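Some notes on the structure that comes next.
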Amino acid sequence: METIVKKRIKQVLKGDQDAYAEVVEIYKDKVFQICYRMLGNRHEAEDIAQEAFLRAYVNIASFNIDLKFSTWLYRIATNLCIDRIRKKKPDYYLDAEVAGTDGLNMYSHIASDARLPEDDVESLELQETIQREISKLPEKYRSVIVLKYIEELSLNEISETLDLPLGTVKTRIHRGREALRNQLRYV
Amino acid sequence: MKCPAEMVVYMHEYLDEEISAEHEKELRAHLQNCGECQTHFHELKKTIALVQSTSHIQAPENFTANVMAKLPKEKRKVGVQRWFRHHPLLTAASLFLVLMMGSVASSWDQDHQLSVSKQPNLVVQNDKVIVPEGEVVKGDVVVKNGDLEIQGEIEGNVTVINGQQYMASAGKVTGEIEEVDAIFEWLWYHIKTAAKDAVNVFETGETDKEK
Ligand SMILES: [Zn+2]
């Protein structure tokens with residue numbers, strides 16, 4: 001896969017625009033998925049995903065061909081999503097720490113349902129609920145959670161994609177998980 | 001009951017698959033005796049399962065076509081390459097012209113030195129070549145990057161490149177006088193001499209193709 005992509009990128013670098021179509025075709029679902037989970041809205045997600053491919057094309061000369069193209073592309077997409085979120089969210093949301101994320105005093109007294117709702121998860125309603133709760137996360141947690149659990153990237157890949165130290169990625173994933181736990185435990 | 005603060009940290013280490021054997025042992029031991037931590041741990045795992053279970057969605061229809069339509073206009077380079085591919089003969093001709101212009105231009109740059117054909121009775125003064133009065137110069141005279149002053153007689157043609165010729169009243173030239181004083185004429189001068197070779201090149205090329 002990476003080999004085909006790199007071959008096409010070399011063609012694009014030589015100025016063959018048509019070769020880019022195949023690159024878009026390969027990554028469109030992944031990029032759209034990131035944008036959709038980050039933004040929680042199909043229309044905006046399409047807008048930003050297209051913008052990501054456009055930016056990648058325009059800046060293709062700055063892509064280091066020895067690195068993974070997906071990492072670079074996902075970084076562009078994630079950054080665009082974060083910009084979009086920052087533009088539309090009221091300020092109070094930006095730096096809000098999620099209550100109880102330090103993990104010390106957040107023991108729940110509510111008995112949990114031991115069953116994982118695998119069947120129910122198929123239902124549209126539950127999907128929407130989960131997406132809504134992901135959308136409520138501050139963007140710095142949202143991006144790591146989306147890359148980790150929806151794109152299934154490793155912690156190292158997330159660190160490269162977001163250009164963040166590994167330690168920061170871990171902290172954000174921990175806090176993101178705690179925040180989501182608080183939001184989803186009654187589901 | 002007050003739980004050790006590091007238990008939640010260990011849970012996350014576990015979820016990241018980075019827990020040490022020692023921490024895992026401690027965590028397991030604690031979970032067996034603490035319902036609150038059990039619940040917490042369970043909720044974390046359930047949360048992950050929920051997020052992972054969101055079905056994978058696909059990009060909208062025509063996504064690729066829409067992206068391609070938005071790309072900036074193709075760089076000229078490729079347009080030219082495609083054009084070349086479709087017009088091989090013209091390509092060869094263009095290539096020839098480019099190569100020739102290149103080599104001529106560089107030779108133009110290289111020789112700004114005065115040079116003159118080698119007749120013994122020509123006199124060179126600074127940037128000027130003089131045919132002294134009463135002298136008869138035999139053969140064609142070529143002066144490059146300098147002027148030619150003709151006081152005597154030249155039996156032959158005169159070519160002055162990038163310079164001028166002055167004919168004194170007593171001066172005489174039996175052949176033609178030509179001044180080449182601009183790079184374009186210099187180029188044309190070269191093209192005329194190279195044209196014959198070029199025709200040969202193309203004829204060879206065509207012959208090769210037919211084989
Ligand atoms: Zn405990």
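Chain A is the first sequence line, chain B the second, and so forth, proteins listed ahead of strands; every chain is numbered from 1. Since the model is a prediction, treat every value here as computed from it, not as a measurement.
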Looking only at V9(B), V67(B), D16(B), most heavy-atom pairs under 4.5 Å shared with chain A are made by D16(B)
Here the gap from L54(A) atom CG to N66(B) atom CG, rounded to the nearest 0.5 Å, amounts to 12.0 Å
Value for OG (S53(B)) from CG (L126(A)), rounded to nearest 0.5 Å, stands at 6.5 Å
The interface call for L184(A) against chain B, heavy-atom contacts under 4.5 Å, is both
Got a salt bridge between E13(B) and K170(A), using NZ or NE/NH1/NH2 to carboxylate O under 4.0 Å? no
Exercise. Around atom NE2 of H43(A), are there more than 12 heavy atoms of other residues, nucleotides or ligands at under 6.0 Å?
Worked result: no
Worksheet item: Under the side-chain hydrogen bond (donor to acceptor under 3.5 Å, both in side chains) criterion, do E178(A) and H40(B) qualify, and how do the steps go?
Response: CA-CA 9 Å; E178(A) 289 296 344; H40(B) 188 133; 2.8 Å; yes
Ranked by heavy-atom pairs below 4.5 Å to chain B, first place among R37(A), E25(A), K148(A), K30(A) goes to R37(A)
CG (L180(A)) and CD (E43(B)) are apart, to the nearest 0.5 Å, by 12.0 Å
message: I'd like to know whether R177(A) forms a side chain to side chain contact (heavy atoms under 4.5 Å, CB included) with T47(B), so could you lay out the CA-CA distance, the side-chain angles of the two residues, the decisive distance to 0.1 Å, and finally the verdict.
response: CA-CA 7 Å; R177(A) 276 195 294 242; T47(B) 299; 5.8 Å; no
Taken to the nearest 0.5 Å, the spacing of R181(A) CZ from H42(B) NE2 works out to 11.5 Å
Interatomic distance, OH@Y149(A) vs CD1@I48(B), rounded to 0.5 Å, equals 3.5 Å
When rounded to the nearest 0.5 Å, the distance separating CD of Q50(A) from CE of M68(B) is 12.0 Å
Margin query: Surrounding CZ of F63(A) (heavy atoms of other residues, nucleotides or ligands, distance under 6.0 Å), is the total greater than 12?
Written below: yes
Between T54(B) and Q127(A), does a side-chain hydrogen bond (donor to acceptor under 3.5 Å, both in side chains) hold up when you go through it step by step? CA-CA 6 Å; T54(B) 56; Q127(A) 296 263 338; 5.2 Å; no
Salt bridge (charged side-chain N to carboxylate O under 4.0 Å, His left out) filter on K68(A), not counting sequence neighbours, yields E157(A)
Above 12 or not: heavy atoms from other molecules or residues under 6.0 Å from CZ of R75(A)? yes
When the 4.5 angstrom heavy-atom criterion is applied to V146(A) and chain B, the contacting part is neither
If one checks every heavy atom of Q38(B) against chain A at 4.5 Å, the contacting part turns out to be neither
(Q) Main chain of Q58(B), side chain of D29(A): is a donor-acceptor contact present, judged purely on distance under 3.5 Å? (A) no
Applying a strict 4.5 Å limit to non-hydrogen atoms, the region of I150(A) in contact with chain B is both
Practice task
Please work out which of the three classes, parallel, tilted or perpendicular, describes the rings of F53(A) and F63(B), given edges at 30° and 60°.
Solution key: perpendicular
